[in-house]
There are 2 protein chains.
Amino acid sequence: MAAELDKTDFKILKLLQENGRITNLLLSQEIGLSPAPTLERVRKLEMSGYIKSYHALVDEEKLGLGIKTFIQVQLDFHKNNTIQIFLDEVNQIKEVTECHHVTGQADFLLKVYVNDIKSYERLIMDKISKISVVKTFQTMMIMSTTKKEPIVPLEY
Amino acid sequence: MAAELDKTDFKILKLLQENGRITNLLLSQEIGLSPAPTLERVRKLEMSGYIKSYHALVDEEKLGLGIKTFIQVQLDFHKNNTIQIFLDEVNQIKEVTECHHVTGQADFLLKVYVNDIKSYERLIMDKISKISVVKTFQTMMIMSTTKKEPIVPLEY
DNA sequence: AACTTTTTTAGAATAAAATTTGGTAATTAA
DNA sequence: TTAATTACCAAATTTTATTCTAAAAAAGTT
């Protein structure tokens, strides 16, 4: 397998990011190849891990997930496996959809989806603040999201 | 069009979030219906906007996007259309893949992808800090991401 | 409770797309 | 230059999506 991707591969990645359900036929026409080698390239991109997976994007608000927040978490590093303890706990909370280890005042940035304020309170009271290594946390409620590209900016 | 979704619809949403390229045949087997009504339900979910779109998820690191950050931005509200000015500028920056209007000390939280530190510096110097209404900003570099569900937590 | 209307479904037929196959041109390595 | 590898296309085959029809189920009405 060639290590490098060529322009055609980048085009494929761009198109599949934009429309994950484009047919192989259409895709082949867009990139200027016939269906067979197009499919072969897509399979290679999947096998080699450049394409990790495919997902439907749903409308969260329509589904009643009214509250979206980011939570900045600061940890208490008394124990030497503080981070692992935190991650083990956080990974079990289904409302937490993202968990990033970051630089700056906070140690972690979490993204959280809940139905309403009551659910948010329960999440904070019963789950986040119960994690032993959590020192402090600050909530950023998302009032609106004006940009959310499901697409990563690629060259070419 | 019925306003409410039933259990079968939620199952479909869950499965399509997990695998956006599942065939209609497989999907129908998973939810226990025949292909025809399954497809009809999927189309309804698409038409009514519960499903917004489909996307391939790519491996950012393999593609050379080595730097991912969140930037907290505080605005200077001297003008009365401060927010609109900010949004207009930010929407033109392709490295900014997310833009959230949030509560707390910061006004906006941005997610940014760049190739390397040099690119990051250019982004900051030439773009972010050039926006007239930006008062201050703070960077959180993402060192690692331990959880990133492309899936929204649904009931049922 | 019987009837009507509406909705949902399965199954068959058709259309479209994916996938495989075989062979050829182009590129790379020896 | 030759051999080997790779990438490609065109056509055949298989699989899947889609449409259509009619039956069943559910909901509402008299």
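The structure presented is a predicted model; accordingly, all values stated were derived computationally and were not measured. Residue numbers begin at 1 in each chain, while the letters A, B, ... track the order of the sequences.
- As a whole-Å value, the separation of A:L39 CG from C:dA17 P is 14 Å.
- In this structure, CD of B:E40 is placed 11 Å from P of C:dA10, rounded to the nearest angstrom.
- Atom-to-atom, OH of A:Y54 to C1' of C:dA18 comes out at 13 Å; the value is rounded to the nearest Å.
- Without hydrogens or angle criteria, B:Q17 side chain to B:V152 main chain gives a donor-acceptor distance under 3.5 Å.
- One atom, CD1 of B:I12, and another, P of C:dT8, lie 12 Å apart when rounded to the nearest Å.
- Look at A:E121 and A:K118 and you find a salt bridge, because one of the NZ, NE, NH1 or NH2 atoms lies within 4.0 Å of a carboxylate O, short of that distance.
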Steps toward side chain to side chain donor-acceptor pair (under 3.5 Å) verdict (B:Q84, B:D88): CA-CA 6 Å; B:Q84 198 51 54; B:D88 289 347; 2.9 Å; yes
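- The closest side-chain heavy-atom distance from B:I71 to B:I124 is below 4.5 Å.
- Listed in residue order, the members of residues 20-37 of chain B having a heavy atom less than 4.0 Å from DNA chain D are B:T23, B:N24, B:L25, B:A36.
- For the pair B:D6 CG and D:dA26 P, the interatomic distance rounds to 13 Å; values are reported in whole Å.
- The interatomic distance linking A:E4 (CD) with D:dA7 (P) rounds to 13 Å, in whole Å.
- Distance alone, capped at 3.5 Å, places no donor-acceptor pair between the B:D76 side chain and the B:K135 backbone.
- Taking atom CZ on B:R43 and atom P on C:dT9, their separation rounds to 16 Å, with Å as the unit.
- Proximity of B:K44 to the phosphate of C:dT8: a side-chain N or O atom is located under 4.0 Å from OP1 or OP2.
- For the pair A:L154/B:V58, no side-chain contact is recorded, criterion being any heavy-atom separation below 4.5 Å from C-beta on.
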